[in-house]
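One structure is given below, encoded as structure tokens.
None of these values were measured; they are calculated from a predicted model. These values consider heavy atoms only, across backbone and side chains, with no hydrogens, waters or symmetry-generated copies.
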Amino acid sequence: MSHINPDPEAERTTGLEPGGGVPPGETPPAESSVPGAGPRETHNPSKGWAKGPLTVIIVLVVLCAAFFLAYAIDPML
């Protein structure tokens, strides 16, 4: 199986300086801005948990803790 070198030959490639560098003007200009590329976002939801789901989670945690506490105390009686 023969191996083909993916690197260009520096002697035959146009636009390369000695040593493999690229002179200014040979590369395309960089993009002006990435944030302006997408659609305008008008809806920004608040960060953090809403009060309703957080209350439900706290109630469930307290009920589970009370269940395991009662389960641990019951064999002692």
Side-chain angles (χ1 to χ4, degrees):
M1 184 170 172
S2 66
H3 174 72
I4 298 174
N5 187 1
D7 295 330
E9 295 179 17
E11 296 82 25
R12 294 185 175 192
T13 305
T14 60
L16 289 180
E17 293 179 336
V22 180
E26 284 289 324
T27 58
E31 293 182 19
S32 62
S33 141
V34 174
R40 183 175 172 201
E41 186 175 334
T42 57
H43 173 67
N44 292 323
S46 62
K47 294 181 180 179
W49 287 83
K51 292 180 183 178
L54 190 59
T55 303
V56 170
I57 291 172
I58 290 173
V59 167
L60 288 174
V61 167
V62 169
L63 287 175
C64 288
F67 171 77
F68 286 114
L69 183 63
Y71 189 74
I73 293 175
D74 186 47
M76 293 179 190
L77 298 177

- Say whether Leu60 and Phe68 are linked into one hydrophobic cluster, either directly or through other cluster members, by side-chain heavy-atom distances under 4.5 angstrom.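 As far as the 4.5 Å side-chain criterion goes, Phe68 and Leu60 are not connected within one cluster.
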- Query: Taking a hydrophobic cluster as the set of Ile, Leu, Val, Met, Phe, Trp and Tyr residues connected by side-chain heavy atoms closer than 4.5 Å, whether directly or through intermediates, do Phe67 and Ile73 fall within one such cluster?
  - Reply: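 As far as the 4.5 Å side-chain criterion goes, Ile73 and Phe67 are not connected within one cluster.
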- Task: Report the residues that fulfil side chain to side chain contact (heavy atoms under 4.5 Å, CB included) with Leu63, sequence neighbours left out, ordered by chain and then residue number.
- Result: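 Only Val59 meet the side chain to side chain contact (heavy atoms under 4.5 Å, CB included) criterion with Leu63.
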- What pair of heavy atoms forms the shortest contact from Ala50 to Pro53, and how long is it?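 Closest approach of Ala50 to Pro53: O-CD, 3.6 Å.
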